[in-house]
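Numbers here are sequence positions counted from 1.
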Amino acid sequence: MASNTGQTLIALLTGAAIGAGLGILYAPEKGSKTREKLSKEAKKAQKKLNQQIQETSHTLSEKAQYAKYNFEQKLNDTLSSASYKADDILLAMEDKLEALRKQNAKLQIDSTVDKAKSSAKKVTV
């Protein structure tokens with residue numbers, strides 16, 4: 001959108017410069033005065049164009065910096081959110097792993113007790 005505005009401004013300034021130049025060419029004055037007027041008008045047009053380019057460049061630079069800042073903020077927010085979610089997942093996995101360890105230890109104890117009972121039955125029989 002800013003590019004279109006810059007192109008439109010350049011087109012308007014170019015058109016104005018051409019119009020002023022044609023107006024001067026058809027004015028009933030000496031050649032030296034006409035050349036002097038053409039030179040002044042060309043300098044004015046160039047000065048306006050340079051000023052507009054600087055203003056457009058400055059505006060675009062500000063918008064680019066603002067867009068970069070917004071992108072970095074959103075990226076940081078996303079990474080922070082993902083980090084918290086990853087922490088939550090890791091904690092849940094650690095809790096589940098601890099529960100599985102306890103269950104495994106209980107199964108091993110139960111298995112040892114069953115083997116001992118089985119051995120005791122064989123000895124008593």
Side-chain angles (χ1 to χ4, degrees):
M1 188 160 137
S3 178
N4 289 340
T5 303
Q7 289 176 353
T8 302
L9 264 157
I10 290 172
L12 286 173
L13 289 173
T14 302
I18 291 171
L22 287 174
I24 292 172
L25 286 175
Y26 286 104
E29 294 182 346
K30 287 180 160 182
S32 60
K33 285 195 176 198
T34 300
R35 285 190 294 277
E36 186 179 316
K37 282 185 178 182
L38 281 174
S39 177
K40 282 182 183 178
E41 290 299 319
K43 287 178 183 177
K44 281 183 189 177
Q46 185 174 3
K47 186 176 178 181
K48 284 182 184 180
L49 181 60
N50 287 339
Q51 182 181 4
Q52 189 59 45
I53 288 171
Q54 285 179 341
E55 288 173 5
T56 302
S57 175
H58 180 71
T59 301
L60 290 175
S61 177
E62 285 179 346
K63 288 181 180 181
Q65 288 176 353
Y66 181 72
K68 179 183 175 192
Y69 174 77
N70 279 344
F71 172 76
E72 288 173 349
Q73 284 297 112
K74 288 178 183 178
L75 179 62
N76 286 337
D77 291 346
T78 301
L79 292 175
S80 178
S81 176
S83 176
Y84 285 119
K85 289 178 183 177
D87 284 344
D88 290 344
I89 291 169
L90 288 173
L91 287 173
M93 290 175 74
E94 287 171 353
D95 289 344
K96 194 67 164 174
L97 183 59
E98 187 60 33
L100 287 171
R101 282 187 186 137
K102 287 178 182 177
Q103 184 180 7
N104 187 39
K106 184 179 183 289
L107 289 173
Q108 287 177 356
I109 291 171
D110 290 347
S111 175
T112 304
V113 170
D114 286 346
K115 285 181 185 177
K117 284 181 184 178
S118 176
S119 295
K121 282 184 185 179
K122 288 182 185 176
V123 170
T124 55
V125 176

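- Interatomic distance, CG of Asn70 versus NZ of Lys63, reported as 13.5 Å (0.5 Å rounding).
- Other residues sharing a hydrophobic cluster with Leu91 under the 4.5 Å side-chain heavy-atom criterion for ILVMFWY residues do not exist; the residue is a singleton.
- Of the possible polar contacts, one joining the Thr112 side chain to the Gln108 backbone as a donor-acceptor pair under 3.5 Å is found.
- In this structure, the side-chain hydrogen bond (donor to acceptor under 3.5 Å, both in side chains) partners of Glu55, at least two apart in sequence or on a different chain, are Gln51.
- Cluster partners of Leu79, by chain and number: Phe71, Leu75. The rule joins Ile, Leu, Val, Met, Phe, Trp and Tyr whenever side-chain heavy atoms lie under 4.5 Å apart.
- Side-chain contact between Gln54 and Asn50: absent, with no pair of heavy atoms (C-beta onward) separated by less than 4.5 Å.
- The backbone N or O of Asp77 lies less than 3.5 Å from no partner atom in the side chain of Ser81, so there is not a single donor-acceptor pair.
- Not counting sequence neighbours, the partners of Ile53 by the side-chain contact (heavy atoms from CB on, under 4.5 Å) test are Leu49.
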Taking distance alone, no hydrogens or angles, what donor-acceptor pairs closer than 3.5 Å link side-chain atoms of residues 94-105 to residues at least two apart or in another chain?
none

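- Rounding to the nearest 0.5 Å places OG of Ser57 at 10.0 Å from CD of Glu62.
- Through ILVMFWY side-chain contacts below 4.5 Å, Tyr69 is grouped with nothing and stands alone.
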